[in-house]
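Input: a single structure, listed below in structure tokens.
Any value given below was found using the heavy atoms of this structure, including those in side chains, with hydrogens, waters and symmetry copies removed. Here is how names work: the chains are called A, B, and so on, in the same order as the sequence lines, proteins then strands, and each is numbered from 1.
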There are 2 protein chains.
Amino acid sequence: MNEQLQPLKKHTRTAKSRTGTQDDIVYAHIFDAILEQRLAPGTKLSEEALGEIFGVSRTIIRRALSRLAHEGVVLLRPNRGAVVASPSVDEARQIFYARRLVERAITELAVEHATAEQLAELRQMVTDERDCFDRGDRGAGIRLSGEFHLKLAEAAKNAPLVSFQRSLVSQTSLIIAQYEGGSRSHCSYDEHNELIDAIEARDADKAVQLMMHHMDHIDSKLNLDEDTASDDLHAVFSHLLLGKKKLRPANS
Amino acid sequence: MNEQLQPLKKHTRTAKSRTGTQDDIVYAHIFDAILEQRLAPGTKLSEEALGEIFGVSRTIIRRALSRLAHEGVVLLRPNRGAVVASPSVDEARQIFYARRLVERAITELAVEHATAEQLAELRQMVTDERDCFDRGDRGAGIRLSGEFHLKLAEAAKNAPLVSFQRSLVSQTSLIIAQYEGGSRSHCSYDEHNELIDAIEARDADKAVQLMMHHMDHIDSKLNLDEDTASDDLHAVFSHLLLGKKKLRPANS
DNA sequence: GATTATGTGTTTGTATACAAGAAATGCAAG
DNA sequence: CTTGCATTTCTTGTATACAAACACATAATC
């Protein structure tokens, strides 16, 4: 039953390898497409169109969109369909506040609970992440970088925090994709490696300090601080550009 | 369209007064039923049965169950239907850990951002809550007490935290309903009032201190600490009791 | 000429029919 | 009497058909 539809062999099979039910697959593919900016913020996600693309009925699409909406990467307006979320600067700040809070707790818990296997997996993920950035696959890099933080949350052994972290990481990735600054190395894997070192050494203070510095680093690369005008304008007008009618020059 | 089905005038109209779409109504009613323990942990939630009860199709029920599963009050097993969640002691501990974390942040933010109107609303909610407990409506009391904490989260003006808090409060209410200790005053409204006082005085340290004490108070009333044997057994066997066939006495 | 009303087309919301999977029951064999 | 297997029934998963709401365009009136 999972085999009867596999028209989903896009790019490098970035969608999660877990061969779950169809809506998992659809969910993962839309998710990846959003993070890799193949779907721009504000883009309308028509149920029927997506259904045709993935070869499934609207029922499945609807479930996937519902999940994405719950994680905040898709906005689901009643009777008006789904669009790719375009977080405002204020929303981005709220997300970053929550993330600092959660990352601090996760780091402390991971120092306490992370097993050797988990640390090894984390190291592997950092390697994969570096490979992605090296080969220029920015979208996959952002996604893997997010998955690193999610894996860390799993090492903390607190299910509610994992769930929350998943939502925060998704939205953060969206924000990074949207508000990226000039610098290209986004989530420096060096910092990730140092972090694993501190956790492996069971040095909670240092690990937390590194994590907080890492957070600072991430949002210092974004154009959130004061400098929000240009990106904000883009977000503000993105929904107007959806209609197919051509706009006349605004300054005439 | 919202008016065409109203066979939902149960008890005291506790379901949220927002007259949203059908699945909101169904969601709220099942949610309330679980919190007020009219649905015991482990109870199977048949889609068709619920559909008949609420006079809607399985489609709506399915959406509602999906939401409830996302909040953690319902467990959704693939191909095997939904059951009312029965959090283990360990899961309860994880939830409480996360709640302390979030409540601390929310309190700090509320001190900073809460408006006079919001504080007034909070006071009103405490009054309502006291009325419920006074008139012996324990289920509604637990629910209102949870809604107080949710309202406080809204005053903190951080959307991701509100969303997370909603999930945590739901699960906490379920835990309280499941692991209640002997004492009857569950979420002492006095503590809620003191908390509002401190927030109104913009005294962050005192507010946080009160909130943490409040959290201590809540879980000191539960049978989580060491004393978990009896309740654990109940949780372990609860799903066996679902079948309608009568069990023979276990100790014979 | 601008603004409002109306009609058409497209998209979402809901219900239902059908297919696939799991639990339960009954039968048969040891 | 117990145990293993097959059939049967019930429940969930998915697709599709229908109804309602919205967006857009056209036309009519002020």
Exercise: identify the closest heavy-atom pair between A/Ala156 and A/His113: O-ND1, 3.6 Å

Closest of C/dT14, C/dT12, D/dA15 to the A/Ile60 side chain is D/dA15

In whole angstroms, the gap separating C1' of C/dA15 from CZ of A/Arg62 amounts to 12 Å

Please confirm whether the shortest side-chain N or O distance from A/Lys44 to OP1 or OP2 of C/dT10 is below 4.0 Å. no

Give a yes or no on whether a salt bridge exists between A/Asp24 and A/Arg67, defined as a side-chain N under 4.0 angstrom from a carboxylate O. yes

Side-chain N or O of A/Arg80 versus OP1/OP2 of D/dA21: is the shortest distance under 4.0 Å? no

Rounded to the Å, how far apart are A/Leu45 CG and C/dT11 P? 13 Å

Restricting to non-hydrogen atoms, name the atom on B/Glu129 and the atom on B/Gly141 that form the minimum distance, rounded to 0.1 Å. CG-O, 4.1 Å

Based on the rotation axes of five pairs at each end, what angle does the helix from C/dG1-D/dC30 to C/dG30-D/dC1 bend through, to 10°? 10°

Just jot down the side-chain contact (heavy atoms from CB on, under 4.5 Å) partners of B/Gln165, sequence neighbours excluded, or say none. B/Arg99, B/Val102, B/Glu103, B/Ile106, B/His149, B/Leu150, B/Ala153, B/Leu168, B/Val169

For a quick test of your reading: what N or O donor-acceptor pairs under 3.5 Å do the side chains of residues 68-85 of chain A make, sequence neighbours left out?
residue	atom	partner	partner atom	Å
A/Glu71	OE1	A/Tyr27	OH	2.9
A/Glu71	OE1	A/Ser170	OG	3.0
A/Glu71	OE2	A/Tyr27	OH	2.7
A/Arg77	NH2	A/Arg80	O	3.2

Expressed in angstrom and rounded to an integer, what is the separation of B/Leu65 atom CG from D/dT11 atom P? 15 Å

Return yes if some donor-acceptor pair links the side-chain N/O of B/Glu91 with the main-chain N/O of B/Ser88 below 3.5 Å, else return no. yes

Quick check on C/dT16: is either OP1 or OP2 less than 4.0 Å from any side-chain nitrogen or oxygen of B/Arg58? no

B/Glu48, nearest nucleotide to its side chain (from D/dT14, C/dT12, D/dT11): D/dT11

Below 3.5 Å is the cut-off: list the nitrogen or oxygen pairs between protein and nucleotides 5-9 of chain C, distance only.
none

Rounded interatomic separation in angstrom, taking CZ from A/Arg63 and P from D/dG13: 7 Å

Tell me the interatomic distance from B/Arg77, atom CZ, to D/dT12, atom C1', rounded to whole angstroms. 12 Å

Can you tell me how far C1' of C/dG13 sits from CG of B/Asp24, to the nearest Å? 13 Å

Distance (rounded to the nearest 0.5 Å) between B/Ile30 CD1 and B/Leu35 CG: 12.0 Å

Specify the separation, in whole Å, of atom CD of B/Glu47 and atom C1' of C/dG21. 14 Å

Among residues at least two apart in sequence or on other chains, which ones pass salt bridge (charged side-chain N to carboxylate O under 4.0 Å, His left out) with B/Glu121? B/Lys151

Can you find a side chain N or O atom of A/Thr59 that sits less than 4.0 Å from OP1 or OP2 on D/dT14? no

When you check the gap from the basic side-chain N to the acidic O, do A/Arg143 and A/Asp128 get nearer than 4.0 Å? no

Salt bridge (charged side-chain N to carboxylate O under 4.0 Å, His left out) pairs, two or more places apart, involving residues 46-55 of chain A: A/Glu47-A/Arg58, A/Glu47-A/Arg62

Residue whose nearest DNA chain D nucleotide is more 5′ - A/Pro78 or A/Ser57: A/Ser57

A/Phe54 has an atom CZ; how far is it from atom P of D/dA15, in whole Å? 13 Å

